[in-house]
**Student:** 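Please read through the structure below; I'll follow up with questions.
So that the names make sense, note that chain A is the first sequence line, chain B the second, and so on, each numbered from 1.
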Amino acid sequence: MAQHRSLPRSFFQRPAGEVAPDLLGHHLVRRLGRRSLILRIVETEAYLGASDRASHAWNDRRTQRTSVLFRRGGVAYVYFVYGMHYMLNVVTGGADDGSAVLIRAGEPVAGSEEMRVRRGLERAPRAGDLAGGPGKLCRALAIDSELNGAPLDSGPLILAEGSPPAPHEVAVGPRVGVAYAGAAADWLLRFAEEGNPHVSRPRL
DNA sequence: CGGAAGATCCACT
DNA sequence: GTGGATCTTCCGA
């Protein structure tokens with residue numbers, strides 16, 4: 001098993017709009033017993049906090065669900081939507097910021113067979129089938145609300161150094177599924193590795 | 001305490 | 001391209 005070098009806390013304690021593109025290419029490591037499921041992150045979205053109508057922290061809205069979102073950067077924020085999907089975010093910035101980065105897609109690096117089973121797929125998956133979307137990604141890595149608040153530098157879920165794309169290989173666009181958010185719906189806070197087939201739809 | 005919406009996915013036409 | 005699944009969370013009354 002390869003050694004993982006965790007990203008330092010300081011990496012996350014910056015604005016979400018910086019962390020989101022910088023996360024591309026790094027590795028999301030899910031430890032399950034002795035096994036490690038590893039995805040290389042290929043798509044992210046930034047949610048800026050109180051000023052961002054698409055964010056759960058919009059208008060400084062603090063509830064039981066969003067409490068983790070207001071912690072200091074470097075922990076996971078996991079929530080449940082549509083009655084069936086979990087979403088994985090990385091909390092960014094400082095305490096009371098409310099900002100985070102949604103991990104939208106990854107390409108398999110290790111453990112793809114177990115991911116295929118967890119996703120309920122019978123045959124060899126095509127690009128994007130395993131983790132080409134935030135709900136799929138959580139399913140593939142067995143991520144649920146138990147990981148809400150978990151630190152990301154050690155433990156069952158780790159963000160480790162990978163192989164980031166060159167800056168000119170990063171595509172930018174508006175976020176997915178936030179049409180209700182007024183002007184914020186048009187903000188260019190979605191980032192993906194240019195041309196990577198594991199990116200979710202609609203493609204950038 | 002009820003109702004509505006939701007940072008999605010999949011099957012179907 | 002459209003609609004259904006499925007249920008937690010939040011807000012207003």
**Student:** Using the rule that two of Ile, Leu, Val, Met, Phe, Trp, Tyr join whenever any of their side-chain heavy atoms come within less than 4.5 Å, decide whether Tyr180(A) and Leu102(A) are in one cluster.
**Tutor:**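 The answer is yes; both residues are in one hydrophobic cluster.
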
**Student:** Show the nearest heavy-atom pair for residues Ser200(A) and Ala105(A), with the distance to one decimal.
**Tutor:**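 Where Ser200(A) meets Ala105(A) most closely, the heavy atoms are N-CB, 4.1 Å.
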
**Student:** Give a yes-or-no answer on whether the side chains of Arg40(A) and Ser163(A) include a donor-acceptor pair shorter than 3.5 Å.
**Tutor:**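 There is such a pair between these side chains.
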
**Student:** Taking only the P atom of each, what is the distance from dG3(C) to dA5(B) in whole angstrom?
**Tutor:**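 Nearest-Å result for dG3(C) against dA5(B) at atom P: 15 Å.
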
**Student:** Glu146(A): which residues meet the side chain to side chain contact (heavy atoms under 4.5 Å, CB included) condition with it, sequence neighbours left out?
**Tutor:**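 Listed in chain order: Asp144(A).
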
**Student:** Provide, to the nearest angstrom, the distance between the CZ atom belonging to Arg139(A) and the P atom belonging to dA5(C).
**Tutor:**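 Nearest whole value for this atom pair: 18 Å.
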
**Student:** Can you pull the contact range of chain A along DNA chain B, 5' to 3', using atoms under 4.0 angstrom from its heavy atoms?
**Tutor:**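 Under 4.0 Å from chain A, the extent on DNA chain B is dG6(B) to dC10(B).
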
**Student:** Rounded to the nearest Å, what distance is computed from the CG atom of residue Asp60(A) to the P atom of nucleotide dC10(C)?
**Tutor:**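 Between P of dC10(C) and CG of Asp60(A): 14 Å.
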
**Student:** Considering only heavy atoms from C-beta outward, does the side chain of Asn89(A) approach that of Tyr79(A) to under 4.5 Å?
**Tutor:**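 Result yes, sub-4.5 Å side-chain heavy-atom pair found.
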
**Student:** Which of these passes side-chain contact (heavy atoms from CB on, under 4.5 Å) with Phe191(A): Leu24(A), Leu23(A), Val101(A)?
**Tutor:**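 Among the candidates, only Leu24(A) passes.
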
**Student:** Using side chain to side chain contact (heavy atoms under 4.5 Å, CB included) as the criterion, list what pairs up with Glu114(A), not counting sequence neighbours.
**Tutor:**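 Here the qualifying residues are Leu32(A), Arg35(A), Leu37(A), Arg118(A).
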
**Student:** Can you name the closest pair of heavy atoms from Glu194(A) and Ala171(A) and give their distance?
**Tutor:**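 Nearest heavy atoms, Glu194(A) then Ala171(A): OE1-CB, 3.6 Å.
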
**Student:** Do side-chain atoms of Arg71(A) reach the backbone of Val91(A) as a donor and acceptor pair under 3.5 angstrom?
**Tutor:**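 Side chain of Arg71(A) to backbone of Val91(A): no pair is present.
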
**Student:** Contact list please: residues 177-202 of chain A against DNA chain C, heavy atoms, distance less than 4.0 Å, in numerical order.
**Tutor:**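 Under 4.0 Å from DNA chain C: no residue of residues 177-202 of chain A.
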
**Student:** Indicate yes or no: does Asp22(A) engage Arg14(A) in a salt bridge with an N to O separation below 4.0 Å.
**Tutor:**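 Here Asp22(A) pairs with Arg14(A) in a salt bridge, since their nearest N and O are under 4.0 Å apart.
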
**Student:** Looking at DNA chain B, which of residues 39-58 of chain A put a heavy atom within less than 4.0 Å of it?
**Tutor:**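 Hits under 4.0 Å, by residue number: Tyr47(A), Ala54(A), His56(A).
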
**Student:** Mind checking which stems touch DNA chain B? I mean at least 3 consecutive Watson-Crick or G-U pairs, both distances under 3.5 Å.
**Tutor:**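 Listed by first number, the stems are B:1-6 with C:7-12, B:8-12 with C:1-5.
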
**Student:** So if I take residues 128-136 of chain A and measure heavy-atom distances to DNA chain B, which residues fall below 4.0 Å?
**Tutor:**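 Residues of residues 128-136 of chain A under 4.0 Å from DNA chain B: Gly133(A), Pro134(A), Gly135(A), Lys136(A).
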
**Student:** If you draw the axis of the six-membered ring of Phe70(A), does the NZ or CZ of Arg62(A) fall within 45° of it and under 6.0 Å from the ring centre?
**Tutor:**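 Judged by the rule (NZ or CZ under 6.0 Å from the ring centre, within 45° of its axis), Arg62(A) counts as positioned above Phe70(A).
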
**Student:** Quick one: side chain to side chain contact (heavy atoms under 4.5 Å, CB included) partners of Val176(A), sequence neighbours excluded?
**Tutor:**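 For Val176(A) the side chain to side chain contact (heavy atoms under 4.5 Å, CB included) partners, ignoring immediate neighbours, are Glu45(A), Arg104(A), Arg190(A), Pro202(A).
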
**Student:** For DNA chain C, which residues of residues 62-88 of chain A approach it to below 4.0 angstrom with any heavy atom?
**Tutor:**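 Thr63(A), Arg65(A), Phe80(A), Tyr82(A), Gly83(A), Met84(A), in order of number.
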
**Student:** Taking salt bridge (charged side-chain N to carboxylate O under 4.0 Å, His left out) as the definition, give me every residue that meets it alongside Arg9(A), ordered by chain and number, with sequence neighbours left out.
**Tutor:**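 Asp153(A).
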
**Student:** Report yes or no: is the cationic atom of Arg175(A) (NZ for Lys, CZ for Arg) under 6.0 Å from the centre of the six-membered ring of Tyr47(A), at an angle within 45° of the ring normal?
**Tutor:**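 Judged by the rule, Arg175(A) and Tyr47(A) form a cation-pi pair.
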
**Student:** For dA4(B) and dG4(C), measure between their P atoms and round to the nearest Å.
**Tutor:**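 To the nearest whole Å, 16 Å.
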
**Student:** Who passes ring pair (Phe, Tyr, Trp, His ring centres under 6.0 Å) against His26(A), sequence neighbours left out?
**Tutor:**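 Scan of His26(A) (ring pair (Phe, Tyr, Trp, His ring centres under 6.0 Å), adjacent residues dropped) gives Phe11(A).
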
**Student:** For Arg72(A), is the CZ atom crowded, meaning more than 12 foreign heavy atoms sit under 6.0 Å from it?
**Tutor:**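 Count not over threshold, so no.
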
**Student:** Under 30°, 30 to 60°, or over 60°: which ring-plane class applies to Tyr86(A) and Phe80(A), parallel, tilted or perpendicular?
**Tutor:**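 Tilted.
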
**Student:** Please enumerate all residues that pass side chain to side chain contact (heavy atoms under 4.5 Å, CB included) together with Pro174(A), with sequence neighbours excluded.
**Tutor:**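 Listed in chain order: Leu188(A).
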
